[in-house]
Amino acid sequence: MERAFWFSGTGDGELRPVTLPPVGDGEVLVRTLCSGVSRGTETLVFRGEVPASQREAMRAPFQEGDFPGPVKYGYLNVGVVEQGPAELVGQVVFCLYPHQTRYVVPASAVTPVPRGVPPERAILAGTIETAVNAVWDAAPKLGDRIAVVGAGMVGGSVAKLLSGFPATRVQLIDVDPERAKIAEALGVDFSTPEDALGDCDLVVHASASEAGLTRSLELLAPEGEVIELSWYGDRRISVPLGENFHSRRLTIRSSQVGMVSPARRLNRSYGDRLALALRILSDPVFKVLVSEECRFTELPDVLPRLAANEPGTLCLRVTYQVEDTR
C-alpha cells in the first residue's frame, strides 16, 4: 500500500492510501526518492486560491481531483525506476508527479537525471525549466541592464541564468536583506528595492506582490520591458498605468512555463526544455535554492507553515523512506 499527499483546498492536507495499477507495456514503476514543494503555486493550491477561470489550465499532468479540492497536486518528483523498459530500470528520473511514495506512469513521462546531478538537487528541474522559458521570453541583449525583482526559487534561478550573458548588469532585488546570501551564493549582485539600480532595459518580476510590480516599472529605462513571472491566483493586483507609463512607452509582458517560449517553439519541445534544465543543474550552486527539508510523513504539518508565508523558505525538499508506505 502506497501513500500520497492530498490538498484539501481549505488550508490543510492529509496522507491517503493509494493502490497502484499493474505496470503495463511502455510504463514504469517509480519509487520516489524526494519531491519538492514549489512554494508559490502549491501554497496557492493549499489555500484554495486557484481562480475558477484557471482551474483547467492549472491542472498538473498527473493531478487527481479538482480545484479547489480535495486534490492530489505537485510536479517536482525524483525517483528511481523499479520496473519498466530495461534501459530505464535502476535509472534516477525526474517526473512531473505529485507527492507520492510510488507511482506508475508512461515511460515517456520520465526524464533521466544526468550523472553528476544528485536527486536532492534534481527536484529543482521544474523551477529551472521555468527560468529557462523566462530567459527565452526575455531575450536579453548584449550589455543589457537587468533587474530581477523577487529572490525566490524562480527569481534566483532567472538571475543566475541571466548573469551568464556577456557584459550585462544583473541585480537581484528583494525586500528581505537576508536574501543577499542567496544572491552571493549564486554570484549575482543584490539590492533592496529602495537602493536598486534603475535605468534598466529589462526587469523580470517574480515577487508575486503588487509593490514588486510597481517597483519593477519604476526601474525601467524609457521603452523598457517587464517580464511578469508572478502568478497571483485569485488576487487582484493594481498596476500603475498612469503617471509616466505611456510617455516612457513601457511594456509589461507575461511569461508562463505552460507553453514553450515562442522564441524557441519551432525547434524545442517540452522534453528538450526539461532536459536542458537538468543539465543546468549540474552546477552545484543551485543547491542554495533548497532551504528546508522534511520527511514525507511530516508534510501535513509542515505545509501549513509555508502557506502562511513563513519567511526565509525557498524550496521545501520532501524525503521518502521505505517505511513511508506503511
Problem set entry | Counterpart residues, ring pair (Phe, Tyr, Trp, His ring centres under 6.0 Å), relative to Phe67 (two or more places apart) | Tyr73
Exercise. Strictly by modelled atom types, are Ser261 and Asp137 linked by a side-chain donor-acceptor pair under 3.5 Å?
Worked result: yes
Exercise. Do Gln321 and Arg295 have side-chain atoms, one donor and one acceptor, less than 3.5 Å apart?
Worked result: yes
For this session: Please step through side chain to side chain donor-acceptor pair (under 3.5 Å) for the pair Asn133 and Thr130, ending with a clear verdict.
Result: CA-CA 5 Å; Asn133 213 57; Thr130 302; over 6 Å; no
Exercise. Around Arg115, counting heavy atoms of other residues, nucleotides and ligands shown, do more than 12 lie under 6.0 Å from its CZ?
Worked result: no
Exercise. Does the side chain of Glu228 pick up a donor-acceptor pair with the side chain of Ser230 at under 3.5 Å?
Worked result: yes
Exercise. Pro112 and Leu278: which non-hydrogen atoms are nearest, and at how many Å?
Worked result: O-CD1, 3.8 Å
Exercise. Is a side-chain donor-acceptor pair under 3.5 Å present for Lys72 with Gln63?
Worked result: no
Problem set entry | Over 12 foreign heavy atoms within 6.0 Å of CZ, Arg235 | yes
Exercise. Which atoms form the tightest heavy-atom contact between Leu96 and Tyr75, and what is the distance?
Worked result: CD2-O, 3.2 Å
Seminar exercise, completed: Note: Pro85 and Glu27 closest approach over all heavy atoms is CD-O, 3.5 Å
For this session: Flag the pair Val71 / Asp66 as yes when at least one side-chain heavy-atom distance between them is below 4.5 Å, and no otherwise.
Result: no
For this session: State whether a side-chain donor-acceptor pair under 3.5 Å links Ser8 with Asp12.
Result: yes
For this session: Can you measure from CE (Met1) to CZ (Arg16) and round to the nearest 0.5 angstrom?
Result: 14.0 Å
